[in-house]
Amino acid sequence: MAAGLQVFGQPASTDVARVLTCLFEKNLEFELVRIDTFKRQHKLPEFIKLRDPSGQVTFKHGNKTLVDPRAICRYLCTQFPNEGNRNLYGTGSLERASIEQWLQAEAQNFNPPSSALVFHLAFAPHLDIPQDYAAIAENEKKLQQVLNVYDEILSKNEYLAGDEFTLADLSHLPDSQYIVDSDRGRKLFTSRKNVARWFDQISRREAWEQVVKMQMEHPGAFE
């Protein structure tokens, strides 16, 4: 742990998975402190001091503490620009502006319906919570509209922000993987040629495969 980086959370959390992927892309050493939020271990006093009550991940670098996963990824890219993947946050102001535009689109348009689907399609069955089929249908419709726009963009670009893999793509991986792994959600991606090609490409990255391996070996939330 040469850089003194710590991540508090479980790989099963989409927020934690997003940060872990960034760390692997940047080839940074870190310590993962596993906290099972579903078992309410995050109520421990020492953990409350570290995290925002609405967050799913806490990150520490020395005296610096961050809780928002996208902010953590931005921090890692700016704090360690020459480590690992140097293109992750762009190499110029125009590239970074494009990446930021997509990060906002992911947070505001993609994440709300996708995170709802992740809960109902992936987490609820493991937690013995009845699936809300009306909510699933509603969020499927919303996500379809978003993915239609993505499909058009990806017909012109290799990746969302251009021809390089960046945080714009990385930020979509955790929710997308859970959705694609479900029988009902998979067609949202596979029925769109360019979206299907894009997801297949980004999900094969070594950094993401490492995170998926961690999720399978120690899911945390379902143990």
Side-chain angles (χ1 to χ4, degrees), residues 7-22 32-59 67-73 105-148 150 170-192 195-196 199 202-203 208-223:
V7 178
F8 294 77
Q10 286 286 1
S13 162
T14 55
D15 284 348
V16 175
R18 185 178 285 110
V19 172
L20 294 178
T21 307
C22 186
L32 175 63
V33 182
R34 295 175 183 274
I35 300 293
D36 191 338
T37 56
F38 288 99
K39 293 180 180 177
R40 300 185 182 279
Q41 290 179 11
H42 63 286
K43 297 297 184 183
L44 294 172
E46 61 268 27
F47 192 44
I48 290 178
K49 296 176 182 178
L50 296 174
R51 75 191 291 268
D52 180 281
S54 64
Q56 294 295 320
V57 59
T58 296
F59 168 83
V67 296
D68 178 79
R70 296 167 190 83
I72 295 169
C73 290
E106 183 271 327
Q108 297 173 9
N109 302 321
F110 179 87
N111 184 252
S114 67
S115 61
L117 289 174
V118 167
F119 175 77
H120 290 293
L121 297 177
F123 286 0
H126 290 281
L127 299 171
D128 295 324
I129 298 175
Q131 290 179 306
D132 186 335
Y133 293 105
I136 292 174
E138 178 184 356
N139 285 287
E140 279 179 335
K141 185 177 180 180
K142 292 178 180 178
L143 189 58
Q144 285 172 349
Q145 295 173 346
V146 175
L147 291 178
N148 285 340
Y150 282 26
L170 183 156
S171 197
H172 288 79
L173 272 167
D175 281 4
S176 297
Q177 185 72 65
Y178 276 120
I179 294 172
V180 168
D181 284 346
S182 69
D183 291 335
R184 178 162 179 168
R186 187 177 304 113
K187 62 183 179 181
L188 291 169
F189 286 74
T190 58
S191 63
R192 292 164 175 80
V195 168
F199 177 74
I202 65 176
S203 64
W208 179 243
E209 290 181 340
Q210 287 180 273
V211 175
V212 172
K213 183 179 179 182
M214 293 173 70
Q215 291 177 332
M216 293 176 65
E217 291 178 345
H218 301 284
F222 309 136
E223 290 179 336

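Quick note: numbers below take in every heavy atom, side chains included, and nothing from hydrogens, waters or symmetry partners.
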**Request:** Report the C-alpha separation of F199 and V180 in whole Å, then their side-chain angles, then the decisive distance to 0.1 Å, and conclude whether the side chain to side chain contact (heavy atoms under 4.5 Å, CB included) test is met.
**Result:** CA-CA 9 Å; F199 177 74; V180 168; 3.7 Å; yes

**Complete:** Applied to residues 130-148, the salt bridge (Lys or Arg N to Asp or Glu O under 4.0 Å) test, sequence neighbours excluded, yields E138-K142, E140-R184

**Request:** Would you check, one step at a time, whether the test side chain to side chain contact (heavy atoms under 4.5 Å, CB included) holds for V67 with F59?
**Result:** CA-CA 6 Å; V67 296; F59 168 83; over 6 Å; no

**Asked** Closest heavy-atom contact between C22 and C73?
**Response** CB-SG, 3.5 Å

**Message:** I'd like to check Q10 versus V16 (side-chain heavy atoms, cut-off strictly below 4.5 Å). Are they in contact?
**Reply:** no

**Request:** Working to the nearest 0.5 Å, report the span between CG of N111 and OG of S171.
**Result:** 7.5 Å

**Close side-chain approach of F119 and Q131, heavy atoms under 4.5 Å** = no

**Item:** Under 3.5 Å: donor-acceptor pair, side chain of E106, backbone of H172
**Value:** no

**Prompt:** Can you list every pair that meets salt bridge (Lys or Arg N to Asp or Glu O under 4.0 Å) and has a residue in residues 111-129, with sequence neighbours left out?
**Reply:** none

**Positive for side chain to side chain contact (heavy atoms under 4.5 Å, CB included) with V7, one of T58, L32, V33** = L32

**Item:** With A196 via side-chain contact (heavy atoms from CB on, under 4.5 Å) - residues at least two apart
**Value:** none

**Spacing of CD1 belonging to I136 relative to CG belonging to L117, to within rounding of 0.5 Å** = 7.0 Å

**Request:** Using the side chain to side chain contact (heavy atoms under 4.5 Å, CB included) rule, take I179 and L143 through it: C-alpha gap first, then chi angles, then the decisive distance, then the call.
**Result:** CA-CA 11 Å; I179 294 172; L143 189 58; 3.9 Å; yes

**Prompt:** Would you say Q145 and N109 make side-chain contact, with heavy atoms under 4.5 Å?
**Reply:** no

**Prompt:** Does L173 offer a backbone N or O that forms a donor-acceptor pair with the side chain of S176 under 3.5 Å?
**Reply:** no

**Asked** Where do P113 and N139 come nearest, in terms of heavy atoms and distance?
**Response** CA-OD1, 3.3 Å

**Request:** Could you pull out the closest heavy-atom pair between A12 and F123, with the gap in Å?
**Result:** O-CZ, 3.6 Å

**Request:** Report yes or no: do Q177 and D181 form a side-chain donor-acceptor pair below 3.5 Å?
**Result:** yes

**Item:** Heavy-atom pair of closest approach, residues A135 and H120
**Value:** CB-NE2, 3.8 Å

**Message:** Please verify the inter-ring angle class for Y150 with F110; under 30° counts as parallel, over 60° as perpendicular, anything in between as tilted.
**Reply:** parallel

**Item:** Working for side chain to side chain contact (heavy atoms under 4.5 Å, CB included), residues D15 and R18
**Value:** CA-CA 5 Å; D15 284 348; R18 185 178 285 110; 3.2 Å; yes

**Prompt:** Can you tell me how far OG of S203 sits from CZ of F189, rounded to the nearest 0.5 angstrom?
**Reply:** 10.0 Å

**Asked** What's the shortest heavy-atom distance between A17 and W208, and which atoms?
**Response** CB-CZ3, 4.1 Å

